Amino acid sequence: MTLGDLVAILPQTVLEGLLLGFVYAMVALGYTMVYGVLGLINFAHSEVFMIGAVIGLEVFRFWGNPAAPVIANPFLLLLVALLFAAVGSGFMAVLVERFAYRPLRKRGSKNILVPMITAIGVSFLLQDLTRIYAALRHNEFNMQYRTYEALNQVFELPFQTTIQMKGVLIIAVSVLMLIGLTYLVNRTKLGKAIRAVSQDMQTAALMGINPDVIISRTFLIGGALGGVAGVLFGLLYTNITPYSGVLPGLKAFTSAVLGGIGNIPGAMVGGLILGQLETLSGTYLPFLTNGNFGTEYKDVFAFLTLVLLLLFRPQGIFGQNVSEKV
Amino acid sequence: MNGYIFPFTLAFTALSVVGALLRPASDLVNLALLASVALVSLGRIPTSWRSGLLAVLALTLTLLLRLNPGDKLAFYGLLGVLIACFLLPNLPTLVRVALGTAILFISVPIAGLTNSFLFELGIQIGIFAALALGLNVVVGQAGLLDLGFAAFFAIGAYTWGIFGSPQAAQFIEGFPAGGLPGNYLYLFMALAIITAAITGVLIGLPALRLRGDYLAIVTLGLGEVVRVLANNLDKPLNITNGPQGITPVNRPEVGFLTQFLQAIGAEQVYGKPIDSYITYAFFFYLLVLLVIGVVILVNIRLANSRFGRAWVAIREDEIAAKAMGIPLLPTKLLAFATGAAFSGIMGAIFAAKQTFVSPESFTLQASINILAFVILGGMGSIGGAVVGAAAVTVLNIGLLKDFSDLLNTWRQTGVTILGYNMANLPPQLNPAKYERLVFGLILILMMIFRPEGLIPEQRHRVEMQEARQEAKEGGSK
Amino acid sequence: MPLLEVRDIHTYYGHIHALKGVSLTVEEGEIVTLIGANGAGKSTTLRTISGMNRPRKGEVIYQGQPIHKLPADRIVALGLGHVPEGRRIFPRMTVEENLDMGGFLIRDPRVLQERKEQVFTLFPRLAERRHQKGGTLSGGEQQMLAIGRALMQDPRLLLMDEPSMGLAPVLVDFIFEIIQKLNQQGKTILLVEQNARLALQIAHRGYVLQTGQLTLSGPARELAARPEIQEAYLGGR
Amino acid sequence: MSELALDVQGVTKRFGGLVAVSEVSLQVRAKEIFSVIGPNGAGKTTFFNLLTGIYKPDSGRVVFFGQDITGRSPDWVARNGIGRTFQNIRLFKAMTVLENVLVGHHTHTQQSYFDVLLHTPRFHASERKAKARAMELLAYMNLDRRAEELASALSYGEQRRLEIARALALEPRLLFLDEPAAGMNEQETEDLKTRVRRLRDELGLTIVLIEHDMAMVMSISDRIAVLEYGSKIAEGLPHEVRSNPRVIEAYLGKGAAGQAGGTHAPA
């Protein structure tokens, strides 16, 4: 491959990275919101995301059977799928908070390991519950999204790049959601309450804010975003398993840390950066190393970047530097 | 009420022992024996009686196992007695040592020589326990959350796996084609300690500068990096043989053990030749026991030294620890390297025992499992780490499988339970496949109801109780 | 019936018995001050009243209603404001947003706006800084914001914890004038102060707290005149 | 004039826009009991944290017995002769009283990693020595009978004494005490006064303390510095400080009533 070829594929690579980055960004928001409020790495968020993907898949199967569709328009179908996934995943997240995390909060364990282990436990539980569901319902482990021509339609863009309709939708939906969330957090009463609780839970209570309610809403919003991201992820990569959430979840969490955990714009930027890092290194590493180090190293690349960044800027790109009062 | 517990336990235990002698094959009797073990361990029983009862129970269960090596319940009972004499307070040390040695070196081998599953289980528990003890130093004592701990296990395994197999000849010219002879394993166990400790320092140097959650995510990432490297370093130079893994890995010679077994007339006793498969199982069982013994000793000694105290101090309050002159990074690195060393040595043994190393054994899931052993057992507690490993291992490769078999039997015979015909139970419901579900549920319930673990370390118990009290009465100041 | 009645409360931090049976009353329209050394339990008393700590024993009655079992957010809703120790401004929210939080329970946006204007009239300085982040304010401005924030809900009783902490003397005087002004406008105030002399000057009555127990109480002037108070808290001769 | 234990030269610390400590200079002589007083929030604890390495000063120098220790890490400072206690008590709550003191003795417990693994005679000797020293210090602080109890089981006053014992285990030359009498009753405060004096007289320690209990400060201090709003506004012998008009205004409180009604504009 010549240098010219490498340059020629750059725009398309960046575009792919952008799509991936937006998916990460949406999932990262869920992590960052929960972390901001509770200081908890909600490992179960990757499963909330995966469950969103499964819900979306079921909507497409129930109402979008190409032979006898209930909803014939694939765009409408997608909208319904997104709605159902948002509601389903949101409620799932609320349930997790109510039954796994809140009891811990009431018991007041200061050990950060306790909620984290619980989160891991919830994550396992949800994975296998989904697996049982998939086994009983579809008798299979892998679940495939249906494909629709309208969604796979290809557009030609400048610089010899192409994008599928679903790619356009991913960008559109995620940008809309990011704008919506920013508005919600910065302008609405609920958003301000979320920020107040995340900055100082006790003082927020002195304002008449019930922290439990706010935390619950935070999980609802984060979960809903995760659900929507799940559907879009499923649409993009078509294959979903009960363990599909793990890796994207990890990447999304990494994005959140990159951007400065607890910081909403940071999560978006972190996601976009990680998406680029991963696609660029995945595409170019094999060429640059004569095929000796293949695409498999893209995760190594992503994590090493994270470590390097944290060493020089422990609070992430946008994070606040908080020092403990002595 | 309490006054009746002792005589009742005595009577019940006597009854179940008599039952065992009369009707050794009955499941009911086995259950009664299990219940006796629990009663003797947990009831209010005078120390001297307790020692005697445990000995009687151990003897009975051993007899049952000898009669029927496949009797799993008897095996679990024996495990229970072992744990009881390991952990119960106020037992004379002599009784602990004598009973423990007898169970580990007599009872288990007696049955294991005909049913190698018991050795297998013992080896698994031992390996996991050593990993848990290693992580216990890092997480339990020093309070450093490491989510990539399996990496050190991998380093140990590959250290022997590469050089004790034809693999090394792939990239080192003139290396013996079949790899180093199996007896080099002993040397490589020492080397694995060193390589793993060095890896610990290398990972720790950047990671340990970060606080709490960031440390967790970075160790997780670096653990994955080690796995990805193992998975892909088959090119440009074939070091790890990639995803196919390395096989066969050499094992030490066990001629001496075969001779020993012949000398004591094992073949006559069992009426059949002891094949090399069982001999190897026995060998690794003994090796793992030896190593775990050393690991426990080291763990106890460190905990009661200035290093152990410094680790706890750092866990409790980093700022106060610094004000006491404790340098944070070196002290944390020491914990990291120590923990890594424990899992490194077990990695080398694991490679030899399996005769096979592949990246699949060292996933994130493995790291989290090890963490769960520590948490379930009780953070910081040495006994807890061992019990946690034993409990989860028995659950995963013992109980869940048994339950699956039971369900299958019901399905085939069409038993009706609560008006539901088990024959209609979907075949997808196979508990053995859903260990994560059970595991996840256990983790959640434990964290909610007993966050200090099964066998809490004194210090953690205090922390948890204080926290609970404060939560009830409002935040800390 | 007193506006606030605290009956024999015992509060713990872990094993530490921080309050060992504190009882006090606050009548409508009073300024009552609670003085004592650091660590005597002054803040803990306020925190126990406003629900941030739970007493293991004892009762807190506000407007005739027991409130010691209610969570903090419900107690605030009953019209009890708390200006916490160290001000506890939301550092990454603007001045205006901090006030919005103070008025969280107000449903009518017009009332909210009105109250904010009242706070801005009281503290013109805050109006100038309304779009500035709380964390970037000076100590005095933060204290004004903390008071303003507590006033948003128009509480009948205001608990104030060390409002003079870390402030230059001019500012301390200003804050104390505000406290008196609020009192004249009808607010009842329970004031915890380390600057005992100043606190006893503006208060009607005072209580002295020592290692979790009340040792003295009475009209502020009488307390200020007592030699043991002079010696211990006023740096007297 | 005796040797200088601590020579602080114009240290300044800013947090964001807030100047917490501004150009503070002071000298503490060896074997002196030196108090730093000032209203809550005047920057006293921040000042301590600058001297013990928890914060790095933005400018200025700290010299300890002739050695420049500016910007050294807290553990280095601790190993090199400065012990401290904390305003809000930072004991290792889940460790026993004895273990807390043993942690303080960390640097002086001469045992290597291999001594520990092999239980060499050196290990046993060092352990014995450390425990003996710890018990001695506990006895000194009248806590020896509670050695095996958990630190969290102690009362406020006892916890403060344990913090001092733990700091003494560092074998320091200078001791910072951050509000040692906070939360103590009168009797305990009296007792503390005697102990602090003994630390100086018997162990030859230099002691710097932050305290609000004026009776205590006035009676045990050789000299006093007053901080206000991050700056030093006075320094001198107790009776000088007590009669300094600026100190009275800023901290001890204005004398006559009626002066409070000034017409200051908000700053």
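Being a predicted model, the structure only gives us computed values, none of them experimental. We name chains A, B, ... by the order of the sequence lines, and we start the count at 1 in each one. Worth knowing before you read on, the calculation uses all heavy atoms, side chains too, and leaves out hydrogens, waters and symmetry mates.
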Exercise for the section: May I ask you to check whether Asp178(D) and Thr85(D) show a side-chain donor-acceptor distance below 3.5 Å? Expected result: no
Completion exercise
Ordered numerically, the heavy-atom neighbours of chain B under 4.5 Å found in residues 69-78 of chain D are Pro74(D), Asp75(D), Ala78(D)
Exercise for the section: To the nearest 0.5 Å, tell me how far Phe15(D) CZ sits from Thr46(D) OG1. Expected result: 5.0 Å
Exercise for the section: Answer yes if the side chains of Asn100(D) and Arg309(B) hold a donor-acceptor pair under 3.5 Å, and no otherwise. Expected result: no
Practice task
Report the relative orientation of the aromatic rings in Phe307(B) and Tyr113(D); use parallel for angles under 30°, tilted for 30 to 60°, perpendicular for over 60°.
Solution key: perpendicular
Practice task
Identify which part of Phe123(D) has an atom lying under 4.5 Å from any heavy atom of chain B, answering side chain, backbone, both or neither.
Solution key: side chain
Handout entry: Check: Glu188(D)/Tyr156(D) side-chain N/O donor and acceptor closer than 3.5 Å
Key = no
Handout entry: Residues in residues 125-139 of chain D near chain B [non-hydrogen atoms, under 4.5 Å]
Key = Glu127(D)
Problem - Any donor-acceptor N or O pair under 3.5 Å, side chains Gln87(D), Thr45(D) - result: yes
Exercise for the section: Using a 4.5 Å cut-off on heavy atoms from C-beta on, say whether the side chain of Ile203(B) contacts that of Val218(B). Expected result: no
Exercise for the section: Measure the shortest side-chain to side-chain distance between Ile296(B) and Val386(B) over non-hydrogen atoms and say whether it is less than 4.5 angstrom. Expected result: yes
Practice task
Return the option, out of Leu91(D), Val103(D), Asp115(D), with the maximum number of heavy-atom pairs under 4.5 Å with chain B.
Solution key: Val103(D)
Practice task
Heavy-atom pairs under 4.5 Å with chain B are the metric here; pick the option from His119(D), Glu163(D), Arg166(D), His105(D) that has the most.
Solution key: His119(D)
Exercise for the section: For the pair Arg146(D) and Glu158(D), find out whether any cationic side-chain nitrogen is under 4.0 Å from an anionic carboxylate oxygen. Expected result: yes
Problem - Criterion side-chain contact (heavy atoms from CB on, under 4.5 Å) on Leu131(B) and Phe342(B), from CA distance to verdict - result: CA-CA 7 Å; Leu131(B) 295 179; Phe342(B) 288 175; over 6 Å; no
Practice task
Report the option among Thr107(D), Leu117(D), Leu118(D), Asn80(D) that has the most heavy-atom pairs separated by less than 4.5 Å from atoms of chain B.
Solution key: Leu117(D)
Problem - Check: Lys13(D) side chain, Tyr55(D) main-chain N or O, donor-acceptor pair, under 3.5 Å - result: no
Handout entry: Distance in Å, Arg173(D) CZ paired with Leu170(D) CG, rounded so as to fall on 0.5 Å steps
Key = 14.0 Å
Exercise for the section: Examine whether an atom of Thr52(D) lies under 4.5 Å from a heavy atom of chain B, and if so say whether it belongs to the side chain, the backbone or both; otherwise answer neither. Expected result: neither
